[in-house]
Amino acid sequence: MAAPLTSAEETVVASYSSDSDPERVGSTTGKKTSRVRFQVSRVAEDEAERRIVQTDSAMPGQPETDREPFLFLGVCAMAKKAKSKYMTEILARIGAEFEQIRTVIFDEQQILHAPVEEWPRCDALISFYSGNFPLDKAIQYAKLRNPFLINDLQMQYAIQDRRKVYEMLAAAGVDLPRYAVLDRECPDYSPASLEEFEDYIIVNGMQFQKPFVEKPICADDHNVYIYYPSSAGSGSQRLFRKIGTRSSVYSSESKVRLTGSYIYEEFMPTDGTDVKVYTVGPEYAHAEARKSPALDGVVERDKEGKELRFPIILNNIEKLISRRVCTAFQQTVCGFDLLRANGRSYVCDVNGFSFVKNSRIYYNDFAKILANLIMRRLAPELHIGWSMPYQLEDPPIVPTTIGRLMELRCMVAVVRHGDRTPKQKMKMDLQHAKFLAMFQKFGGTFDAESREIKLKKPSQLQEVLDVVRDLLINHRSESVVKEKRAKLIQLKSVLEMYGHFSGINRKVQIKYQMPEPTTAEDSTSVDSGIPSGHLVLIMKWGGELTPLGKYQSEQLGQMFRCMYPGSGEVSAQKGHGLLRLHSTFRHDLKIYASDEGRVQTTAAAFAKGLLALEGELTPILVQMVKSANTNGLLDSDLDARDFEKSVKKRLKVLLKQDRTFTGEDFSALNPSESIAINNAMNAAENPVASCEEMHQCIKDLNIAIREKAATPGTDCE
């Protein structure tokens with residue numbers, strides 16, 4: 001019988017020695033005594049103490065059947081993984097709590113260079129692929145010795161191919177982002193077809209609007225790109241395997257890669273958070289939230305240098321997804337990435353064997369579940385009871401200052417945009433056929449119900465610019481163009497600002513203005529193909545967030561973060577209390593903004609300060625800020641539009657009269673006898689004359705500015 005271990009050797013991780021019997025550790029023959037060498041490790045809190053002990057396989061004269069039974073759990077992986085701190089923690093717990101299980105760690109040199117017939121035998125095997133690991137040899141060993149496999153080996157080839165991963169997930173009923181495969185190498189897949197446009201691509205007939213994700217087919221290639229639309233500033237975020245404190249960088253390049261095979265998929269707005277899920281069998285899943293690497297590319301690390309993550313609670317649907325992933329890939333221990341977006345959960349990657357870093361609860365659960373699984377499978381006669389660790393079902397409850405336990409439901413803030421440049425607007429009437437055709441092209445109609453069209457995309461603004469240039473060059477002799485020449489030149493200069501169209505800094509609004517017929521004959525056009533009314537074009541620019549505005553928004557986010565109580569003075573200053581809360585509930589953080597550029601940029605800068613992010617605002621804007629119809633917060637109610645129109649018409653008629661205001665005008669314009677309005681009318685006297693005077697003053701100011709700018713030594717240079 002094997003000699004009992006001392007208290008110093010109570011936790012055993014045995015590594016098979018090269019001079020031991022390769023057929024079975026601890027085998028005996030008759031009354032002969034053999035020596036078997038074990039490398040024993042007793043795991044302490046921070047380090048492992050290793051030494052060699054010798055045990056007698058049997059006492060002289062004692063029957064072999066009285067020998068204490070053991071099950072040998074083999075760990076066949078590269079040394080960096082097999083002897084890591086986390087693996088050692090788990091194996092130590094198995095050895096401490098289940099004395100029937102001994103662990104055999106395969107030597108890396110033996111794995112790489114020795115034939116599988118010389119590998120040590122085991123009853124159960126943990127084996128998984130990592131860099132340079134000979135997976136084909138591990139499969140040969142499994143066929144030769146037939147151990148109980150914790151993770152299926154053949155299936156690990158499929159995990160290395162993102163195409164097969166997505167096919168298997170779809171077959172298992174797991175939700176995936178909408179995707180298409182562009183395979184330029186393998187003839188088994190559909191022919192590669194890619195068409196690239198400014199804000200979208202077409203892959204094999206499927207259209208993907210920016211933002212979209214571009215993933216290499218090989219799962220070992222971590223160079224994943226996310227492409228952003230021009231409305232958000234264009235460019236791309238380039239993800240890679242973590243290097244120090246970086247996991248991605250922003251690039252101004254917005255063209256897709258033209259070599260290699262990729263999966264293109266719809267970008268999922270996850271509010272800047274990824275969820276990492278780790279299964280230990282189909283019934284257990286541990287989940288952690290981390291900052292998305294695509295957000296600002298900065299890796300948040302703890303004092304030990306490990307990526308900062310926080311446990312979260314999976315809902316029932318996500319637990320079902322974990323079960324399906326675990327069983328579909330036949331991986332008892334399996335990690336995968338979950339995206340929470342649009343009220344649903346999607347799987348975007350399956351990593352195979354992986355486990356949680358720095359979680360004692362997880363280590364205990366892992367060891368208990370794995371050992372139970374091995375014992376029940378290989379030693380059913382021992383009648384090991386099944387014990388499933390408890391996992392939290394309900395949301396956390398937080399104590400309050402008044403002593404009662406209350407659940408935090410939400411916190412709401414409404415924020416105005418930051419400091420901006422002056423807003424500028426130009427309005428002009430149009431009746432040229434080219435503008436009428438463009439109005440119809442973008443969805444406008446020539447009737448009373450015609451809606452206003454807004455042109456903000458670069459392709460739309462470029463078309464407006466092309467029409468203006470054509471009118472000024474090829475149609476300059478036409479009377480309609482001559483009348484509007486000054487305004488067309490101004491429109492052209494505004495559209496040509498910055499030298500390119502990107503971001504959200506200009507927009508054109510066009511609406512159809514119906515004529516006001518006096519008779520039935522006037523209500524129809526002489527030529528039925530040309531509308532009797534005219535177009536009103538409104539060009540808006542400026543109003544962009546200034547560098548000061550961005551700074552103000554980010555500072556406000558930092559101040560808002562520090563409003564939440566921390567755990568001390570330093571923590572309160574940095575706002576760690578809110579960051580910890582957000583890391584658990586961050587998938588519930590929602591930031592909405594109107595479609596105006598300055599508002600969306602303010603929201604992105606605010607989120608950057610609130611969540612202590614770094615880098616460019618474009619990735620933050622795309623992932624954290626949602627567009628919403630916020631017009632009701634600032635603009636007047638739609639029900640009042642008709643009244644507004646009638647008031648504007650009356651004002652337009654009264655203010656176009658080239659004469660001094662009369663008593664009737666005062667009664668019509670100011671029926672409530674407001675003192676402020678009376679004073680304004682008395683100061684203006686003649687509205688037309690006042691407008692002409694104001695116009696002349698502006699012209700004189702422009703002349704004075706040009707003269708000063710042309711004079712050397714002035715402040716306007």
Side-chain angles (χ1 to χ4, degrees), residues 12-27 36-41 43 48 50-53 70-92 94-95 101-161 218-220 241 280 329-335 350-355 357 366-367 370-371 373-374 378:
V12 179
V13 180
S15 178
Y16 198 87
S17 178
S18 59
D19 61 350
S20 63
D21 181 4
E23 291 298 314
R24 171 61 71 187
V25 177
S27 62
V36 181
R37 302 186 65 187
F38 288 89
Q39 183 179 351
V40 182
S41 171
V43 179
R50 301 184 180 276
R51 61 197 183 94
I52 303 297
V53 298
F70 288 109
L71 293 174
F72 288 89
L73 171 62
V75 180
C76 180
M78 301 303 284
K80 183 179 180 180
K81 302 287 185 180
K83 297 180 181 180
S84 66
K85 173 185 175 181
Y86 320 110
M87 180 68 82
T88 304
E89 288 270 8
I90 292 168
L91 296 180
I94 294 176
I101 298 178
R102 297 288 176 89
T103 306
V104 181
I105 299 179
F106 290 22
D107 182 72
E108 182 176 295
Q109 295 302 314
Q110 192 175 38
I111 293 172
L112 294 174
H113 306 296
V116 295
E117 291 78 10
E118 297 180 11
W119 291 10
R121 287 193 177 187
C122 60
D123 301 295
L125 179 66
I126 295 176
S127 183
F128 53 92
Y129 174 81
S130 61
N132 300 322
F133 179 77
L135 186 57
D136 54 340
K137 290 181 70 175
I139 294 174
Q140 294 175 24
Y141 173 81
K143 291 179 179 178
L144 177 67
R145 302 302 184 192
N146 196 30
F148 169 50
L149 295 177
I150 303 302
N151 281 24
D152 185 85
L153 295 172
Q154 195 70 44
M155 197 63 72
Q156 293 183 32
Y157 278 118
I159 293 177
Q160 297 175 41
D161 189 330
C218 177
D220 288 335
R241 189 181 289 275
V280 187
F329 291 89
Q330 301 174 42
Q331 306 290 297
T332 301
V333 182
C334 186
V350 177
N351 307 313
F353 191 99
S354 56
F355 35 64
K357 313 295 190 294
F366 188 114
L370 190 63
L373 184 65
I374 295 171
L378 301 179

Checklist entry - Mind checking what makes side chain to side chain donor-acceptor pair (under 3.5 Å) contact with N151, not counting sequence neighbours? => result Q331
Checklist outcome for this item: Sorted by chain and number, sequence neighbours left out, side chain to side chain donor-acceptor pair (under 3.5 Å) with Y86 holds for K306
Next on the checklist: Check whether R145 reaches the backbone of E117 with its side chain - one donor and one acceptor, N or O, closer than 3.5 Å.
Outcome noted: yes
Next on the checklist: Quick check against the 3.5 Å criterion: does K137 have a side-chain atom that pairs as donor or acceptor with the backbone of A114?
Outcome noted: yes
Under the side chain to side chain contact (heavy atoms under 4.5 Å, CB included) test, residues paired with [X] that sit two or more places apart:
{"X": "A124", "answer": "L73, F148, I374, L378"}
{"X": "A79", "answer": "E108"}
{"X": "A219", "answer": "R162"}
{"X": "Q160", "answer": "Y129, L135, Y157, D220"}

Minimum heavy-atom separation for [X] to [Y], with atom names?
{"X": "S130", "Y": "M78", "result": "OG-CG, 3.4 Å"}
{"X": "P147", "Y": "C122", "result": "CB-O, 3.7 Å"}
{"X": "C334", "Y": "V350", "result": "SG-CG1, 3.8 Å"}
{"X": "K83", "Y": "T88", "result": "O-OG1, 3.7 Å"}

Checklist entry - Between W119 and C76, is a side-chain contact (heavy atoms from CB on, under 4.5 Å) present by the stated rule, with each step listed? => result CA-CA 10 Å; W119 291 10; C76 180; 3.8 Å; yes
Next on the checklist: So, taking the atom named CD1 in I139 and the one named CD in Q154, what distance separates them when rounded to the nearest 0.5 Å?
Outcome noted: 4.0 Å
Checklist entry - How far apart are the C-alpha atoms of Y141 and L153, what are their side-chain angles, what is the distance that settles it, and do they pass the side-chain contact (heavy atoms from CB on, under 4.5 Å) test? => result CA-CA 10 Å; Y141 173 81; L153 295 172; over 6 Å; no
Item to check | Those residues that, when tested against F128, pass ring-ring contact (aromatic ring centres under 6.0 Å, His included) (two or more places apart) | outcome: F353
Next on the checklist: Let's go through V280 and F355 carefully: what are the C-alpha distance in whole Å and the side-chain angles of both, what is the deciding distance for side-chain contact (heavy atoms from CB on, under 4.5 Å) to 0.1 Å, and is it a yes or a no?
Outcome noted: CA-CA 9 Å; V280 187; F355 35 64; over 6 Å; no
